[in-house]
Amino acid sequence: MSKKIFSGVQPTGNLHLGNYLGAIKNFVELNNDKENDCIFCVVDLHAITVKQNPKELKNNIRETVATFVASGIDPAKSIIFNQSKVTAHSEAAWILSCTARTGWLSRMTQFKEKAGKDKEKASVGLYSYPVLMAADILLYDSTHVPVGDDQKQHLELCRDIAQKFNNDFGVEDFFKVPEPLIQKEFSRIMSLKDGLKKMSKSELSDLSRINLTDDTDQIINKIKKAKTDPLPMPTNKEELDQRPEAKNLIGIYSSLTDIKIEKIINEFSGKNFSEFKENLAQVTVDKLQPISTEIKKLLSEESFLDQILLEGAEKADKIATNKIKKIHEIMGF
Ligand code: AMP
Ligand code: TRP
C-alpha cells in the first residue's frame, strides 16, 4: 500500500545538522521511494507562536524550501508548500481545538521548555501549537509522519485527537490515525557544547550546532571545539551511556556515513579525540558542503523558490479543502 507522508519544518532560520539527520535526510529517502505520496510543509503558522520579524520570516521560508530542494527533495514528485497559504490549516486547528482537551495539552513538554519560567507570558498559540500540528497531519489523511524524537509526544496527541473526533462524531476511520517514523538510533542529535541538551536553532551559542549553511572552516572549527570528556575514545558500546558527548559525536559520524557504531568504536578505540574529530569533520564537510553550496545558489533564485511554493500550495489546497468540506458536513455547519 502506498504511504501518505506528511512532515513540517519551522522557517525559523539556522537549520542545522540535527534537523538534517533527524528529519530532512529521512524526507529525502521517503521522497525517493516511488510508492510514497509526500507532502513537506514549511510551517510558518507554527513559527509565529514566538515573535518573528516579518522580513526575516519571508527569507527563512525561502531558505527552508531551498534546504529541502538542495538536500534532494524533488518538487516535481513531492508537494512543498507553506502552511499559511492553505487556510484550511487554521480552520481545522480551531475545530480540533474543540476536540483536544486542555489536560492533554498541559502535559506537553515542549511547551514547558519553550515557555520557560514565565508561562503566563507565553502566547496562546505556543500552548495550542500541537493542535495546529494535528490539523496539518489529519487534513491530508497522512499515514506516516517522519520527525525527530522531540516530536513524538506531539504525534501521540495527534493520534488521540483523531481517535476522539472519530468517536465523538461516530465517523469511524474519518481521520486516519498516523504512525510516527522516527529513526531508531540517534534520533536526537545533541548540542556540541552539552551532550545532554538537544542541538537547537534557538541555542545562543552558534558553536553548539552545525548549520547547514556553514562553510568548511566553520564546520572544522566547531567540531574541533566540540565538548568531550577527558578520557580517550571509548573501547565499547556500553561506555557510551555514561559519556554523552562521545556518544553524540560517534552517533553523528554513524548517521552521516551509515557505518555501524561498533565499527566506529573499533576503529578509534583508545585513540585521542583529536584524531577522531579530524575524521568527523571530514565526513561532515563531505556531506554538507554540496548541500550548502546548492542552498546558496537556490537562494539567489527567489522566483524559482516562490514558484515551487505557489504550485505546492495549489495542490495542497485541493486536498485540504476537500477534507474541510467533509468536516463541515460532520459538524453540522
Ligand atoms: P523544527 O526546526 O523544530 O521545526 O524541527 C524540524 C524537524 O527536525 C523535526 O522533525 C524535529 O524533530 C527535527 N529536529 C530538530 N532538532 C533536532 C535534533 N537536535 N535532533 C534530531 N532531530 C531534530
Ligand atoms: N512541530 C514540528 C517541529 O517543531 C513541526 C511540524 C508542524 C510538523 N506541523 C507538523 C511536523 C506536522 C510533522 C507533521 O519540528
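Both counts, for ligands and for their atoms, begin at 1 and track the order of listing. No experiment lies behind these values; they were computed from the predicted model shown.
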Counting only heavy atoms not in K224, do more than 12 fall under 6.0 Å of its NZ? no
Identify the protein heavy atom lying closest to atom 21 (C) of ligand 1, giving its residue, its atom name and the separation to 0.1 Å. S187 O, 3.1 Å
Mutual orientation of the aromatic rings belonging to F268 and Y253 [parallel < 30°, tilted 30-60°, perpendicular > 60°]: perpendicular
Which atoms from ligand 1 have a heavy atom of M199 less than 4.0 Å away? 16 (N), 18 (C), 19 (N)
For atom 1 (P) of ligand 1, which of the options Q151, K152, K25, K201 provides the nearest non-hydrogen atom? K201
Minimum heavy-atom separation for T235 and G270, please, with both atom names. CG2-N, 4.1 Å
Does the side chain of Q153 come under 3.5 Å of the side chain of T109 through a donor N or O and an acceptor N or O? yes
In terms of atom number and element, which parts of ligand 2 are under 4.0 angstrom from non-hydrogen atoms of V147? 11 (C), 13 (C)
Identity and separation of the nearest protein heavy atom to atom 9 (N) of ligand 2: D136 OD2, 2.7 Å
Non-hydrogen atoms of H16 versus ligand 1: any pair closer than 4.0 Å? yes
Distance-only polar pair, side chains of N26 and Q183, donor-acceptor under 3.5 Å: yes
For a 4.5 angstrom cut-off between non-hydrogen side-chain atoms, does L132 reach V43? no
Which atoms of ligand 1 have any heavy atom of R188 under 4.0 Å away? 20 (N), 21 (C)
Does ligand 2 come near enough to Q110 that some N or O of the ligand is less than 3.5 Å from an N or O of the residue? no
Side chain, backbone, both or neither: which part of S200 comes within less than 4.0 Å of ligand 1 when only heavy atoms are counted? neither
Quick check: do M133 and L157 have side-chain heavy atoms less than 4.5 Å from each other? no
Residues Q83, D44; criterion side chain to side chain contact (heavy atoms under 4.5 Å, CB included); working and verdict: CA-CA 6 Å; Q83 196 184 24; D44 47 9; 3.4 Å; yes
State if S7 counts as touching ligand 1 under the rule of any non-hydrogen atom under 4.0 Å. no
With a 4.5 Å cut-off on side-chain heavy atoms, are M331 and F169 touching? yes
Quick check on contacts: which atoms of ligand 2 are under 4.0 angstrom from a heavy atom of V43? 7 (C), 9 (N)
Which of the atoms of ligand 1 are close to G22, meaning less than 4.0 Å from one of its heavy atoms? 21 (C), 22 (N)
Can you confirm, on distance only, whether ligand 1 has an N/O atom lying under 3.5 Å from any N/O atom belonging to V9? no
If you have a sec, work out which protein heavy atom is nearest atom 10 (C) of ligand 2 and how many Å separate them, to one decimal? M133 CG, 3.5 Å
Which one holds for I137 and ligand 2: side chain close, backbone close, both close, or neither close, with close meaning a heavy atom under 4.0 Å? side chain
Against heavy atoms of A23, which atoms of ligand 1 measure under 4.0 Å? 7 (C), 8 (O), 10 (O)
Could you report the tightest heavy-atom contact between K4 and Y140, atom names first, then the distance? CD-O, 3.8 Å
Go through ligand 2 atom by atom and flag the ones less than 4.0 Å from a non-hydrogen atom of Q10. 4 (O)
Checking heavy atoms under 4.0 Å, the part of L155 that sits near ligand 2 is neither
Checking a contact table here: which protein heavy atom is nearest atom 6 (C) of ligand 2, and how many Å away? G8 O, 3.8 Å
Sort and list the pairs that fulfil side chain to side chain donor-acceptor pair (under 3.5 Å) and have at least one residue in residues 271-288, not counting sequence neighbours. Q282-D286
From N19, L15, I24 - option closest to atom 15 (C) of ligand 1 by heavy atom: N19
In terms of ring plane angle, is the pair F27 and F68 parallel, tilted or perpendicular, where the classes change at 30° and 60°? perpendicular
